[in-house]
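Working notes for the structure below.
Counting starts at 1 for both ligands and their atoms, following the listed order.
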Amino acid sequence: MEPALDVEGLEKTYGAVQAVRGLTFQVAPGEVLGLVGPNGAGKTSTLRCLAGILPPSVGRVRVAGHDLAVGPVDAKRALAFLPDEPRFFEYLTVWEHLNFTARLYGVEDWEPRGRALLEEMELTGREKSLPGELSRGMKQKLSIACGFLHQPRLILLDEPLTGLDPLGIRRMKASLRRRAEEGTALVLSSHLLPLVEELCHRLLIIAGGRAVALGTLPEIREQLAGGEGDGASLEELFVRITSAASEEPEAVGPGPRAP
Ligand SMILES: Nc1ncnc2c1ncn2[C@@H]1O[C@H](COP(=O)(O)OP(=O)(O)OP(=O)(O)O)[C@@H](O)[C@H]1O
């Protein structure tokens, strides 16, 4: 099956700062990949390169078979990027944002889907609200509703639960799980390790821009030498792997390994 996301040798440098150093991984349709790493590890830079917002310095990104550098429009049509701090048009209402998104992505007959998404995101009744009248959590939900509208093959999420209340968190997890069950690939970056552990099929742990572990949680446990990882929670593994990586920046802990 063609991967929803295929990343090969991705690197991103900002002047003298090497934020992402040679990431190679794939995400299958219906798979949820968790992207975790300490502050400054390169997660947001990676997501922005995958979304086509930042050009990679080196490497190739293919979304649903479309090379982002060669066919950026087709690649971008197949994905949605949901940043942790979404930006909106100040003078467009909630409904107008959905309308605008539908036109941008050429979604025909978008209105029933738009209504269903507002219902799913508990925004029914806020159709005429302007972004300035929405709470932080509501803005997050509007961004997600807009992102889901064109039924992307790949959804990239940066801290998707920011600002959501406990019920909102539960509903959002169910929404993300449902998208994955329907065949959408998800890449989810978060510092909330219990969320990552609960939702993600595989994990990509990065430190200093490098992949230091890639696989399912049991596979990553196994990668830790001498069964050290036996029974360890993701939090324990995260601390061990990323501190080993920061102590030995050029010869990091377990090498990334696809299952
Ligand atoms: N626009 C930029 N110009 C210069 N350096 C940048 C820029 N954006 C990020 N960086 C640097 O790149 C590195 C990776 O940053 P990035 O934001 O990708 O990390 P992150 O893993 O998302 O961090 P956090 O968990 O704190 O959000 C950091 O050293 C950061 O200072």
List, for ligand 1, each N/O atom that has a protein N/O partner under 3.5 Å away, with both atom names and the distance.
{"from": "ligand 1", "atom 1": "18 (O)", "to": "Ser45", "atom 2": "N", "distance (Å)": "2.9"}
{"from": "ligand 1", "atom 1": "18 (O)", "to": "Ser45", "atom 2": "OG", "distance (Å)": "2.6"}
{"from": "ligand 1", "atom 1": "19 (O)", "to": "Gly42", "atom 2": "N", "distance (Å)": "3.2"}
{"from": "ligand 1", "atom 1": "21 (O)", "to": "Ala41", "atom 2": "N", "distance (Å)": "3.1"}
{"from": "ligand 1", "atom 1": "21 (O)", "to": "Gly42", "atom 2": "N", "distance (Å)": "2.9"}
{"from": "ligand 1", "atom 1": "21 (O)", "to": "Lys43", "atom 2": "N", "distance (Å)": "2.8"}
{"from": "ligand 1", "atom 1": "21 (O)", "to": "Lys43", "atom 2": "NZ", "distance (Å)": "2.7"}
{"from": "ligand 1", "atom 1": "22 (O)", "to": "Thr44", "atom 2": "N", "distance (Å)": "2.8"}
{"from": "ligand 1", "atom 1": "22 (O)", "to": "Thr44", "atom 2": "OG1", "distance (Å)": "2.8"}
{"from": "ligand 1", "atom 1": "23 (O)", "to": "Gly40", "atom 2": "N", "distance (Å)": "2.8"}
{"from": "ligand 1", "atom 1": "25 (O)", "to": "Asn39", "atom 2": "ND2", "distance (Å)": "3.2"}
{"from": "ligand 1", "atom 1": "25 (O)", "to": "Lys43", "atom 2": "NZ", "distance (Å)": "2.7"}
{"from": "ligand 1", "atom 1": "25 (O)", "to": "His191", "atom 2": "NE2", "distance (Å)": "2.9"}
{"from": "ligand 1", "atom 1": "26 (O)", "to": "Asn39", "atom 2": "ND2", "distance (Å)": "2.9"}
{"from": "ligand 1", "atom 1": "26 (O)", "to": "Gly40", "atom 2": "N", "distance (Å)": "3.4"}

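Applying salt bridge (charged side-chain N to carboxylate O under 4.0 Å, His left out) to Glu120 and the options Arg178, Arg115, Arg113 leaves one that passes, Arg178.
Note on Phe89 and Leu134: same hydrophobic cluster, where clusters join Ile, Leu, Val, Met, Phe, Trp and Tyr whose side-chain heavy atoms are under 4.5 Å apart, directly or indirectly.
Across Leu199 and Lys173, no two heavy atoms sit closer than the pair CD2-O, 3.9 Å. The heavy-atom pair separating Leu50 from Val63 by the smallest distance is O-CG2, 4.3 Å.
Taking the side chain as every heavy atom from C-beta outward, Leu123 and Trp95 never approach each other to under 4.5 Å.
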Under 3.5 Å, which donor-acceptor pairs link side chains of residues 150-160 to any protein atom two or more places apart or in another chain?
{"from": "His150", "atom 1": "NE2", "to": "Arg77", "atom 2": "O", "distance (Å)": "3.4"}
{"from": "His150", "atom 1": "NE2", "to": "Leu79", "atom 2": "O", "distance (Å)": "3.0"}
{"from": "Asp158", "atom 1": "OD2", "to": "Thr44", "atom 2": "OG1", "distance (Å)": "3.1"}
{"from": "Glu159", "atom 1": "OE1", "to": "Ser190", "atom 2": "OG", "distance (Å)": "3.0"}
{"from": "Glu159", "atom 1": "OE2", "to": "His191", "atom 2": "N", "distance (Å)": "2.6"}

